[in-house]
Amino acid sequence: MRGADIEAAAAGSWHSNGSPPQVREAAGATRPYERIRGPSDESCGPSSYRPSVLASERVLLWTTPHGVTFQNQLEQLYPESCVVKLFFVMAESLDERTRNDYGAGLLHFNQFCDRLSIPEQDRMPASEVLLSIFIADAAGSISGSTANNWLAGLRFWHVINGAQWHGERSECLRHVQRGLRLLAPPNLNLQHPPITLESLIQLHQGLDYSNTFDTAVLAIACLIFWCGCRLEELVIPAFDSFDMTKHVTRSILPIVTLESNNVRHSTLHIPWTKTTGNNGADINVTSRDHLTCPHAALFRHLEANPNIPSHAPLFSFQTPTGAWTSMTEQWFLKRCDQFWGS
């Protein structure tokens with residue numbers, strides 16, 4: 001479990017007079033990585049069942065009357081530390097990005113229920129009809145894959161709260177999902193063309209290298225193109241999704257540069273990849289006689305952003321105020337799209 005002492009953490013976090021929310025908070029507290037918290041205007045109606053937490057924590061810390069009853073039953077049968085460990089291990093079955101995606105689905109579901117004044121006790125177990133109406137309500141505004149993610153998050157939320165899932169064999173829900181895919185706006189289903197060397201040159205020519213944000217954007221783009229990296233391996237998905245066990249940080253600095261046959265090359269280790277998981281991988285960054293040289297772009301970014309702490313993500317950048325912030329996938333893609341979107 002990534003070195004976390006679950007029993008010790010549970011014992012330290014639990015109070016003998018603990019209420020159900022405290023049990024779940026104790027389970028969340030045992031997760032051993034730090035996060036960068038960013039502002040968010042996403043919310044639903046005030047409720048003791050839905051505290052204001054990060055999107056990635058909603059599947060664990062948001063509950064319902066059914067979930068509270070289920071947890072109370074567990075506490076009557078088993079030691080509190082065992083219940084904390086149960087919730088922790090179940091939450092750890094999902095990676096940080098999946099928890100974040102599932103949390104977004106829970107938010108939309110509860111906002112929908114608030115709008116229709118659905119009572120708390122009717123939100124879990126969610127009936128087949130409620131699930132179908134929820135997805136149908138979003139038709140025309142979301143893609144089929146987004147609907148699938150929302151439903152997968154709701155299903156996991158039911159499982160972790162000991163609730164029956166009524167969407168498994170629902171013919172109604174199946175037809176709603178099919179209809180939603182057919183009604184999705186065309187732009188949601190477009191496949192983006194591959195990024196070519198010409199695209200990278202266009203980006204290079206358009207960016208402003210007196211801007212620390214732009215130097216980070218080019219470094220990321222060049223590493224992805226020349227070194228075969230995935231965006232998710234270099235950049236955090238969102239402010240509340242930073243995971244030190246998964247995302248590369250500036251703690252790997254300094255990066256050593258070697259030279260052979262007039263070719264400069266460096267190696268940097270990333271802690272996670274889609275194919276190797278937490279074994280990570282070494283990325284070999286080799287200089288190229290080209291204006292989009294990945295080695296030059298990487299070191300330009302590091303030189304332009306020197307005063308950033310070692311625990312920050314590698315592609316964090318300094319702001320005009322002298323502070324720093326983390327590059328996110330959305331920011332990176334939005335900037336690239338300003339040149340590639342047309």
Side-chain angles (χ1 to χ4, degrees), residues 192-237 242-318 324-329 331-341:
H192 293 286
I195 302 304
T196 63
L197 183 56
E198 289 71 23
S199 303
L200 197 59
I201 293 172
Q202 182 184 15
L203 182 67
H204 178 277
Q205 293 174 337
L207 293 173
D208 174 8
Y209 299 111
S210 66
N211 183 301
T212 55
F213 174 82
D214 277 3
T215 61
V217 168
L218 183 70
I220 296 163
C222 291
L223 287 176
I224 292 173
F225 183 86
W226 290 111
C227 304
C229 305
R230 292 182 172 90
L231 178 60
E232 64 196 72
E233 296 167 353
L234 301 178
V235 180
I236 63 175
F242 175 55
D243 181 347
M244 292 191 71
T245 68
K246 182 175 180 179
H247 299 122
V248 59
T249 69
R250 294 176 68 94
S251 64
I252 67 170
L253 302 182
I255 298 174
V256 176
T257 297
L258 303 176
E259 186 170 339
S260 57
N261 298 323
N262 295 320
V263 176
R264 289 170 288 113
H265 57 92
S266 300
T267 300
L268 62 93
H269 182 78
I270 57 175
W272 178 91
T273 74
K274 188 172 182 179
T275 53
T276 66
N278 289 330
N279 290 325
D282 289 332
I283 298 177
N284 297 312
V285 187
T286 303
S287 65
R288 295 178 178 272
D289 186 18
H290 195 271
L291 54 85
T292 64
C293 170
H295 195 276
L298 173 62
F299 279 87
R300 182 188 293 116
H301 159 67
L302 296 177
E303 291 166 4
N305 296 284
N307 301 316
I308 297 178
S310 61
H311 66 267
L314 180 61
F315 293 99
S316 301
F317 57 93
Q318 291 174 223
W324 64 272
T325 191
S326 304
M327 179 67 70
T328 65
E329 290 183 14
W331 279 358
F332 171 80
L333 293 172
K334 185 175 181 179
R335 183 59 170 146
C336 291
D337 197 50
Q338 290 176 342
F339 302 98
W340 298 339

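The figures here come from the full heavy-atom set of this structure, side chains too, leaving out hydrogens, waters and symmetry mates.
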>> Holding to side-chain contact (heavy atoms from CB on, under 4.5 Å), I want the full list of residues that pass it with Ser260, two or more places apart in sequence or in another chain.
In response: His265
>> Checking Pro237 now: which residues fulfil side-chain contact (heavy atoms from CB on, under 4.5 Å) with it, not counting sequence neighbours?
In response: Arg97, Ser241, His247, Glu329
> Are the side chain of Trp331 and the backbone N or O of Phe213 linked by a donor-acceptor pair below 3.5 Å?
Replying inline: no
>> Quick one about Trp226 and Thr292 (side-chain donor to acceptor, distance below 3.5 Å, no hydrogens or angles considered), yes or no?
In response: yes
>> Would you say that Phe242 contacts Pro313 through its side chain, given a criterion of any heavy-atom pair below 4.5 Å between the two side chains?
In response: yes
> Who are the ring-ring contact (aromatic ring centres under 6.0 Å, His included) partners of Phe299, not counting sequence neighbours?
Replying inline: His295
> Can you list every pair that meets salt bridge (charged side-chain N to carboxylate O under 4.0 Å, His left out) and has a residue in residues 195-210, with sequence neighbours left out?
Replying inline: none
>> Any side-chain to backbone donor/acceptor pair from Asp337 onto Leu333? Under 3.5 Å, distance only.
In response: no
> In chain order, what residues pass the side-chain contact (heavy atoms from CB on, under 4.5 Å) check against Asn262, with sequence neighbours excluded?
Replying inline: Glu259
> Can you name the nearest heavy-atom pair linking Ser251 to Thr249, along with the distance?
Replying inline: OG-OG1, 2.7 Å
> Does a side-chain heavy-atom distance below 4.5 Å link Arg230 with Thr275?
Replying inline: yes
>> Taking Asp214's backbone N and O only, do any of them form a donor-acceptor pair with Asn211's side chain (distance below 3.5 Å, no angle check)?
In response: yes
> Less than 4.5 Å apart, any side-chain heavy atom of Asn305 and any of Trp324?
Replying inline: no
>> Within the 4.5 Å heavy-atom criterion, are Met327 and Val217 side-chain neighbours or not?
In response: yes
>> Is it the case that the side chain of Gln318 and the backbone of Thr212 share a donor-acceptor pair, with hydrogens and angles ignored and the cut-off at 3.5 Å?
In response: no
>> Rounded at 0.5 Å granularity, tell me how far CG in Leu223 sits from CZ in Phe315.
In response: 5.0 Å
>> Using a 3.5 Å distance criterion without hydrogens, assess whether the side chain of Glu303 forms a donor-acceptor pair with backbone atoms of Arg300.
In response: no
> If we only count heavy atoms from C-beta on, is the Thr215 to His301 side-chain gap below 4.5 Å?
Replying inline: yes
> Okay, side chain of Asp243, backbone of Thr245: is any donor-acceptor separation there less than 3.5 Å?
Replying inline: yes
> Is a side-chain N or O of Ser287 found less than 3.5 angstrom from the main chain of Arg264, in a donor-acceptor match?
Replying inline: yes
> Are the side chain of Thr196 and the backbone N or O of Ser199 linked by a donor-acceptor pair below 3.5 Å?
Replying inline: yes
>> Show, in sequence, the C-alpha distance, side-chain angles and deciding distance for Ser316 and Thr325, and conclude whether the side-chain contact (heavy atoms from CB on, under 4.5 Å) test is met.
In response: CA-CA 6 Å; Ser316 301; Thr325 191; over 6 Å; no
> Sequence neighbours excluded, which residues qualify as side-chain contact (heavy atoms from CB on, under 4.5 Å) partners of Ile252?
Replying inline: Val248, Ile255, Leu268, Leu314
> Is it the case that Asp282 and Thr267 place a side-chain donor and acceptor less than 3.5 Å from each other?
Replying inline: no
> Under 4.5 Å between any side-chain heavy atoms of Phe339 and Gln205, yes or no?
Replying inline: no
